[in-house]
Amino acid sequence: MTIKRVKFTSGLKLPENKVTEHMPVARLELPSKVILPLQQHFGQQCNLLVKKGEKVRTGQLIADSDSFISAPIHSTITGVVSSVFKMINPLANSIVDAAEITASEEEELDFQSVNPVLEDIRKELGSLRENGEIENYLSGKIKELFDKINSIENEEIIASIKNAGIVGLGGAAFPTHVKLRPPEDKKIDSIIINGCECEPYITADHRIMLEYGMQMLIGAYIFYKVLNPEKVYIAIEDNKEDAIINIDSLIAKSGLADNFCVVSLKSKYPMGAEKTLIKNVLKRKVPMGGLPMDVGVVVNNVGTCKAACDAILKGQPLIEKIISVTGAVANPGNFIVRIGTPVSEILKCCGEFRSEIREIILGGPMMGNDINEENFPVTKAVNCILIKKGLPRNEGNCIRCGRCVNICPMNLLPLNYVNFVKNSKFEMCKEYYISSCIECGSCAYVCPSAIPIVAYIKTGKSILAGK
Amino acid sequence: MNGTNKENITENNAENNVLDDSKVSDTTVGAAKDNIIVRDNNFISQSPHIWRGISSAKIMYIFLASLIFPSVAAVYFFGLRAFWVMLASTATAVLVELIIKKARKKRFKMDGSALITGLLLALTLPPRIPIWMVVIGAAFSIALAKEVFGGLGHNIFNPALAGRAFLAICFPTFMTQWYLPGNYGVDAVTSASPLSENFIFQGTNMALYRDMFFGNTAGSIGETSAMLIILAGILLIAFRIIDWKIPLVYVATVVIMSLIFGEDILFQVMAGGLLFGAVFMATDYVTSPVTGLGRIIFAVGCGLITFLIRRFGAMPEGVCFSILVMNGFTPLIDRYIRPKPFGYMKPQKAKQAK
Ligand code: SF4
Ligand code: SF4
């Protein structure tokens, strides 16, 4: 077997609450409108290419940018651009332009062209309806498919991935094509496919690995082909044993066992954070302020792999993604939703319980953002909608217990940031390496005085950035 | 946000994309005016949205519960008198905290820290100290050693130890009159504490160790029983209330020093307030460093100073002052002992890598 098990790791044991773990992914009906912020990724904001009142088709490019670190935005439904406005993007704490598209009756697809060698596969895939059929079809043809992918130029693949607007779907939303084009002097020897999903509640990646395993693997193969590393590690936490077994058998079936291997990791938070993940899988430490590339690694999320597979095989841009809707809703589950679907429409389908103080959290409970605005859309970075009863948190004095220091995966001294930010000593924050903080929330989670340390850190960071 | 509000947004978008939200908070308006969907900032909670239930108050109460062991021993060995000392001390501590909080118009939150300070102070006092002195000591602890600095979390010195040191300086005779357990009548027999120079024990070494282990010896009311203190320490470590590094390293340092200077190791460890100080006093969160390495340095410092005072100083016992001295060094230790952040590289090396 090709499963590599990593036994000892430090980190936080969180209550998992993964209630939607066994719920198959369902497709939500198309939304009546979508709101598409023009910056859903890390990097430059895109410029709108369509005008108000213009008709757009599903998959049509509506915004793009010249900048290298950016990803284009596509219309995710067929309809009319009904308005263009500005909105606050709580995920990036900034103000962005956004376009609203109101759906019309018929859905018309405007997908990209695929490479001629894959044309027949695209046609056949188009005729398949059920996901199970697609998976079977792909595993039947896997060898032939890999050959075909191998015959395509790297440049062309990277271009298709860029044009499809694919970004890291794990939450950071870093444009994927940037990761596929490392600088000359950096040799990439390993790819890690991140299937950890260490946050409680979220199960979207878990379901992808179970139901879309083949497509995910093909995506991983595409990255493998472009970067040509020695090894591809698929890192999965050991609370998802079924996914580990499934992926492992798929690897064996597609004859990739030489270069691909599953790594089973202890489920400890924050395992899925890039830096801790690389440390646990490869025992390498990404230098402070550096990127995984600096240690020869590229990390991609499983959802990103699936999106890459869709883009290359079907020419489908990133218009939909799988998210978990969970917490205080009547029908929690995992759903394929179109990007830009307002949260309110999703909640309508899931029957939210109403309670006085509640939070709508985009993302997991540890790092997600409370939006408290049902009209906010699901963007490319969102992988979960969590409805929680809001709990009051009575902040006390720091008693200097050192729990936050002990737990911090980045070896920082979180308690000091609280002090510095309260006293406006932002320069001191820098001296204590505030920029190394990955905002994982571990420190605030263990703090007995219930100090929202991460909130202080974010404030400190944004003020430092504004200076 | 409720349903009507949501419709508002949609309508406005359709017309002119202007949203006139009356609930907009001032800061948001300041940041950006028209044309924006603004969220009502009131309910926004910050990540993480879950956290572990153990609160400061709970930690304090577990700590307090562990203090029951030496307290019970105190009453067992020194009788009701010990009980009155403890009661006077804790009651004064809580009362003074209440008065100060009220005077400053701050919310008084019962977090148990004043209780702990009061009880800790009492346990380090000799059994027959006059009650009015206890009251003065406790009041000093809370008012001058804690609240003056800004209350829980801001004090530099361990309040209980500061109170004890204050008493030891003001009333040296009363603070060094020790009594053998059991003698709490009017004509109680004074006895030297084991660490004093004129201490004479008639019996074998084994019997001495046994008495000291179980607590049948002269000393402060809560400090005599090594066994119960060790038990409480193990419980506190098991519940992860205190860091094992401080008591272990502290005691280990004293052991090593005793070896070097040829002192009786078991005697040095069990005599006086060493165990009590190592388990209950030096581990105080507020006045000890926050990093692991810092804590080790702190504990080694405590151990060295304790031993030096015992061996060369004018006073027979040095635990109290050694911890206070190291408390004073804590801000310095925390300033200079910082863990290297994940992936840290020396500045020159980082440049080379670039
Ligand atoms: S300081 Fe940052 S990296 Fe460290 S635990 Fe807190 S949020 Fe995580
Ligand atoms: S966990 Fe909270 S109380 Fe403890 S040192 Fe950190 S900030 Fe202070």
Side-chain angles (χ1 to χ4, degrees), chain A residues 14-15 82-88 90 95 100 200 275 285-288 290 294 344 357 359 361 365-375 386 388 390 393 396-402 405-406 409-413 415 432-433 436 439 441 444-450 452 454-455 458, chain B residues 1 3 6 9-10 13-15 17-19 28 31-32 34-52 54-60 109 111 113 150-154 240 243 285-292 295 334 338-345 350 353:
Chain A
L14 293 176
S82 51
S83 79
V84 179
F85 55 98
K86 282 184 188 295
M87 64 186 289
I88 287 182
I95 294 163
E100 184 186 85
K275 291 184 176 180
K285 280 192 174 178
V286 180
M288 222 168 78
D294 296 336
S344 55
I357 322 170
E359 306 170 342
I361 299 160
M366 294 297 283
M367 289 179 76
N369 290 278
D370 180 1
I371 52 162
N372 196 48
E373 159 61 88
E374 292 180 355
N375 218 29
L386 171 63
K388 262 190 93 245
R393 211 179 152 138
N397 271 359
C398 168
I399 53 170
R400 297 175 36 91
C401 65
V405 179
N406 249 335
M410 294 292 117
N411 288 348
L412 302 171
L413 297 167
L415 74 161
Y432 279 80
Y433 308 106
S436 284
E439 295 172 17
Y445 179 81
V446 297
C447 177
S449 295
V454 182
K458 282 182 182 164
Chain B
M1 227 173 255
K6 199 182 75 205
I9 295 167
T10 334
N13 286 344
E15 284 169 26
N17 321 328
V18 180
L19 174 74
T28 340
D34 314 320
N35 260 2
I36 288 172
I37 296 182
V38 204
R39 58 214 160 106
D40 174 1
N41 272 336
N42 291 337
F43 285 162
I44 301 291
S45 80
Q46 288 286 353
S47 66
H49 305 277
I50 47 172
W51 65 95
R52 185 187 284 165
I54 189 153
S55 62
S56 311
K58 204 162 155 195
I59 292 176
M60 298 288 177
K109 214 172 90 202
D111 57 10
S113 63
L152 178 65
H154 298 295
R240 288 170 194 264
D243 190 342
Y285 293 146
V286 180
T287 55
S288 62
V290 289
T291 55
R295 285 175 176 171
D334 266 347
R338 296 185 213 161
K340 294 265 166 286
F342 186 95
Y344 178 83
M345 282 204 276

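FYI, side chains are in, hydrogens and waters are out, and symmetry mates aren't considered; it's all heavy atoms of this structure. The chains referred to below are lettered A, B, ... by the order of the sequence lines, with proteins before strands, and numbering in each begins at 1.
- Contact of A/Leu386 with chain B is not made at all, since no heavy-atom distance falls under 4.5 Å.
- Among B/Asp243, B/Val286, B/Thr287, the residue with the largest count of heavy-atom pairs under 4.5 Å with chain A is B/Val286.
- Counting heavy-atom pairs closer than 4.5 Å to chain A, the top-ranked of the candidates B/Gly153, B/Pro339, B/Gly151 is B/Pro339.
- Only the side chain of A/Leu413 comes within less than 4.5 Å of a heavy atom in chain B; its backbone stays farther off.
- With a 4.5 angstrom heavy-atom cutoff, B/Ile59 touches chain A only via side-chain atoms.
- In plain terms, the two heavy atoms of A/Leu415 and B/Val290 that are nearest each other are CD1-CG1, 3.7 Å.
- The distance from the CD1 atom of A/Ile399 to the CE atom of B/Met60 is 4.5 Å, given to the nearest 0.5 Å.
- B/Thr291 OG1 to A/Asn411 CG: the interatomic distance, rounded to the nearest 0.5 Å, is 11.0 Å.
- In terms of heavy-atom proximity, A/Gly441 sits nearest to B/Pro48 at O-CG, 3.5 Å.
- Heavy-atom distances place both the backbone and the side chain of A/Cys401 under 4.5 Å from chain B.
- For A/Ser449, the parts sitting under 4.5 Å from any heavy atom of chain B are the backbone and the side chain alike.
- Contacts of B/Arg240 with chain A are made by backbone atoms alone, with heavy-atom separations under 4.5 Å and no side-chain atom involved.
- Within the 4.5 angstrom heavy-atom criterion, only backbone atoms of A/Met367 (N, CA, C, O) approach chain B.
- Residue contact with chain B, scored on non-hydrogen atoms closer than 4.5 Å, is absent for A/Pro15.
- A/Arg400 is listed as a side-chain neighbour of B/Asp334, based on a closest heavy-atom distance under 4.5 Å.
- A donor-acceptor contact shorter than 3.5 Å is absent between the side chain of A/Lys275 and the backbone of B/Phe342.
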